[in-house]
Amino acid sequence: MILDSNITHVVLTGGVGSRLWPLSRKTQPKQYLELFDGKSLFEMTVERNKTIADKVLIVGNIDNYHLSREVMEKFDISHSYIVESTPRNTAAAIAFAAFQSHPDDILIVTPSDHIIEGELPYKQTLHRAIELANKNFLVTFGIKPTKPETGYGYIEFEGENVLAFHEKPNFEKANLFLEKGNYYWNSGMFCFKAGLYLAELKKQEIEVYNKSKIAWESSVSGQLDYDLSLQIPSISVDYAVMERSKNIKVVPSHFEWSDLGSFESVYDYLVQTGHPVDAGGNIVIGTNTFTSFVGVENCLLVHTQDALLVLQKESSQDVKQVYQKLELIDSPLI
């Protein structure tokens, strides 16, 4: 099936959100948790783009397909699904969307688990990205850093030109990036023509292109074959295309943004929105049980029905290690 719209919002719904365990689980990843005035991050993602895109194309895995369908029942928006039988990373996920689109369609590619505030600057940024995409550029969205964050990749820039992409840095390097002033956080959001993306993918990673094309052409009602999918190299879009192409532009994004990728970012968001916090900067998530923090500062207590997590805000990136240990023993807690 070939889509005939001019602008398609491609929503990437894969990922477990392991750094937000125990809130985020395989059966209910963070993008589907209704933690924001009864809405999920996925629902908010679709909502903020519905006036810009002609239709929505949701790319996700077989485990969360039913969750996406439940959310989309709330919208009167033309939409379709590509269901991955096994995760093969973002280069392939976006390729599936591009194969299902007309070559001249503009794809606005977004993760499904970001918080974005500021409707006007957001739409201004999107319109600029679409202008550049129509001029045959691959466009990425850069977020102005507010602190030396070690959990994000960085984009070194001059104007709208990308000088280099940088992997997640240590604290010293992140602080240097902040001081220099010409580095953005890499948001993981993109905008480009479907055909241009496929041409660049074919040029840079022909095996990903070929194997993705075979899997897509053999799909049935948007569902991809498991064995054919396994043959696709698992490579991120950043590494496969964005870091190698000479045809890249970056749009500075002045809206408020967070990927809520760690409990530190969740902490910052909750405090800004009035969540209770004690004199030591400690907060509780998930329970109304009286809790007192003694002798500690900037800690989170995260409670679910079957798990309890206590951590210092600054150690949020290490939660993923807890998840990985549970995964190794095939724990039902994941």
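Predicted model, so just to flag it, every value in this text is computed and none were measured. The residues of the chain are indexed from 1 along the displayed sequence.
The shortest side-chain heavy-atom distance between Tyr209 and Lys203 does not fall under the 4.5 Å cut-off. The closest side-chain heavy-atom distance from Lys173 to Tyr183 is not below 4.5 Å. A 4.5 Å side-chain heavy-atom check between Phe192 and Val241 finds every atom pair outside the cut-off. No side-chain heavy atom of Arg48 sits less than 4.5 Å from a side-chain heavy atom of Leu126.
The side-chain contact (heavy atoms from CB on, under 4.5 Å) test with Leu132 is passed by exactly one of Val251, Leu138, Ile248: Val251. None of Ile82, Thr13, Val83, Asn64 except one satisfies the side-chain contact (heavy atoms from CB on, under 4.5 Å) rule with Ile58; the exception is Thr13. Under the side-chain contact (heavy atoms from CB on, under 4.5 Å) test applied with Thr8, the options Asp54, Val56, Leu57 reduce to a single match, Leu57.
Between Tyr152 and Trp185, a ring centre-to-centre spacing shorter than 6.0 Å is recorded.
Of the charged side-chain nitrogens involved, none lies within less than 4.0 Å of a carboxylate oxygen, so that Lys74 and Glu47 do not count as a salt-bridged pair. Taking the charged nitrogens against the carboxylate oxygens, Arg128 and Glu131 do have a contact shorter than 4.0 Å, which makes a salt bridge.
Using modelled atom types, one finds a donor on one side chain and an acceptor on the other under 3.5 Å when comparing Tyr32 with Ser68. Side-chain contact annotation: Thr45 with His114, donor-acceptor N/O pair under 3.5 Å absent. Defined by atom type and a distance below 3.5 Å, a donor-acceptor pair is present between the side-chain atoms of Thr304 and Arg25.
Pairing each heavy atom of Val11 with each of Ser112, the nearest pair is CG1-CB, 3.6 Å. Of all non-hydrogen atoms in Phe141 and Val250, the two that sit nearest each other are C-CG2, 4.3 Å.
Judged by a 6.0 Å distance limit and a 45° cone about the ring axis, Arg19 is not positioned over the six-membered ring of Phe263.
Counting heavy-atom neighbours within 6.0 Å of Tyr226 OH, excluding the residue itself, gives a total of 12 or less.
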Tabulate below the donor-acceptor pairs under 3.5 Å that side-chain atoms of residues 174-182 make, not counting sequence neighbours, or state none.
from, atom 1, to, atom 2, distance (Å)
Asn175, ND2, Glu179, OE2, 3.4
Asn182, ND2, Phe157, O, 3.3

